[in-house]
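The structure appears below as C-alpha cells.
Remember, it's a predicted structure, so these values are computed and weren't measured experimentally.
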Amino acid sequence: MDSSGLYRAVTDFAHRTPPWVQSAFEVWTAYGLLLFGVLFAGVWWRSRGRGAARPVALALLAPVATAVAYGASELVKYTVDEERPCRSVAGAAASLVPCPGPGDGSFPSNHAALAGAAAVALAMAVRRLAPLTVPLALLMAFSRVFVGVHHPHDVAFGLLLGGSVAALAVLALTGPARAAVIAARAGDVPAVVWFTGRGPARRGRGNVPGCRLP
C-alpha cells in the first residue's frame with residue numbers, strides 16, 4: 001500500500017501551521033495516551049460504586065483488552081518490514097519530531113492501535129464515553145502522520161486492528177471477568193473487596209437488621 005502522496009500532503013500542511021499548533025501536536029502524540037490511562041482509572045472508580053459485577057468487570061477488562069491489542073500490533077510489526085516515512089518518502093517535509101531509528105518498523109502504528117483499542121474498550125464499559133474516546137483515538141492516529149513518523153495506512157490499520165482486537169477480547173472475557181469479580185467479593189479480603197467494590201448484597205446487610213443475605 002502506498003499512501004506517500006497523502007503523507008506528503010499532511011506533513012506539508014503541518015509545516016504551514018503556526019508553531020503553537022505544531023507544539024500542541026508534538027505534546028499530544030507523545031503523551032496523549034496517558035489520557036486514556038486517566039479514563040481507565042475513572043471508569044474503574046465509577047464502576048466500584050454501581051454494585052453490579054458486570055460494570056466492574058468491563059472497567060477492569062478495558063486496560064487488559066488494550067494490552068492484548070498492543071501485543072497483536074507488535075506481532076504484525078515484527079512480521080511486516082516497512083521503513084518509516086520520515087526516511088523513505090522522497091520529497092517529504094522533515095518530521096516535526098525525531099525519526100525513530102532503523103529497525104523500528106512503521107506498520108502498523110502502535111500508538112494508533114493502543115488508542116483505537118482503548119477507545120473501543122472504554123466505550124464498551126461506558127457507552128456515553130464513545131463521543132469522547134473515538135475522536136481522541138482519531139486525533140492520536142492523525143498526530144502520528146502530522147508529526148511525520150507514520151504513513152496514513154499505518155495509522156488506519158492500527159486503529160482497525162486495535163479496535164477489533166479489543167472488542168473481541170472484551171466480548172470473550174466479560175463472562176469470566178464478571179465471575180471473577182463475584183468470587184473476589186465473596187472472599188471477604190478487605191483490599192480485594194475495596195478494589196472491586198461491594199456488591200448490592202453487601203450494602204444491603206447494613207440496611208435490614210438481623211437479615212442475613214446470601
Next item on the list: For Ala69 and Val165, work out which heavy atoms get closest and say how close.
Entry: CA-CG1, 3.6 Å
Next item on the list: Output the distance between atom CG (Leu34) and atom CH2 (Trp28), rounded to the nearest 0.5 Å.
Entry: 9.5 Å
Next item on the list: Enter the distance from Leu159:CG to Leu138:CG here, rounded to the nearest 0.5 Å.
Entry: 6.0 Å
Check: With a 4.0 Å cut-off, would you call Asp104 and Arg84 a salt bridge?
Finding: yes
Margin query: Quick check for you: to the nearest 0.5 Å, what is the distance between Ser95 atom OG and His15 atom NE2?
Written below: 7.5 Å
Check: Which heavy atom of Tyr7 sits nearest a heavy atom of His151, and at what distance?
Finding: CD1-CA, 4.4 Å
Check: Do the side chain of Thr79 and the main chain of Val76 share a donor and acceptor less than 3.5 angstrom apart?
Finding: yes
Check: Are any of the side-chain heavy atoms of Leu139 and Phe25 separated by less than 4.5 Å?
Finding: yes
Checklist line | More than 12 heavy atoms of other groups within 6.0 Å of Trp194 CH2 | finding: yes
Check: How about Met124 and Thr174: do any of their side-chain heavy atoms sit closer than 4.5 Å?
Finding: no
Next item on the list: Please step through side-chain contact (heavy atoms from CB on, under 4.5 Å) for the pair Phe142 and Val155, ending with a clear verdict.
Entry: CA-CA 7 Å; Phe142 177 73; Val155 300; over 6 Å; no
Notebook entry, point to check: So how far is it from Arg178 CZ to Arg54 CZ, rounded to the nearest 0.5 Å?
Noted result: 8.5 Å
Check: So how far is it from Leu60 CG to Phe40 CZ, rounded to the nearest 0.5 Å?
Finding: 11.5 Å
Note to self: Using every non-hydrogen atom in the two residues, find where Ala184 and Thr196 come nearest and quote the distance to one decimal.
What the structure shows: CB-CG2, 4.2 Å
Item checked: Heavy-atom pair of closest approach, residues Thr133 and Ala123 -> OG1-CB, 4.3 Å
Next item on the list: Measure the NE2-OG1 distance between His150 and Thr29 for me, rounded to the nearest 0.5 Å.
Entry: 8.0 Å
Checklist line | Connected via hydrophobic side-chain network under 4.5 Å: Leu35 and Val147 | finding: yes
Next item on the list: Indicate the atoms forming the closest heavy-atom contact of Thr11 with Val145, along with that distance.
Entry: CG2-O, 3.6 Å
Notebook entry, point to check: Side-chain heavy atoms under 4.5 angstrom apart, residues restricted to Ile, Leu, Val, Met, Phe, Trp, Tyr: same cluster for Leu132 and Val43?
Noted result: yes
Margin query: Here's one to test your reading of the geometry: is the NZ or CZ of Arg48 within 45 degrees of the ring axis of Trp44 and under 6.0 Å from its centre?
Written below: yes
Check: Would Phe157 and Val80 satisfy side-chain contact (heavy atoms from CB on, under 4.5 Å), going step by step from the backbone distance to the final call?
Finding: CA-CA 13 Å; Phe157 185 82; Val80 178; over 6 Å; no
Next item on the list: Using side chain to side chain donor-acceptor pair (under 3.5 Å) as the criterion, point out the one residue from Ser3, Ser106, Ser109 that pairs with Asp154.
Entry: Ser106
Note to self: Using only atom types and a distance under 3.5 Å, with no angle test, would you say the side chain of Glu26 pairs donor to acceptor with the backbone of Val97?
What the structure shows: no
Check: Lys77 and Phe107: side-chain contact (heavy atoms from CB on, under 4.5 Å), yes or no, with the steps?
Finding: CA-CA 6 Å; Lys77 188 182 287 286; Phe107 183 88; over 6 Å; no
Next item on the list: List the atom of Val149, the atom of Pro85, and the distance in Å for their closest heavy-atom pair.
Entry: O-CD, 3.7 Å
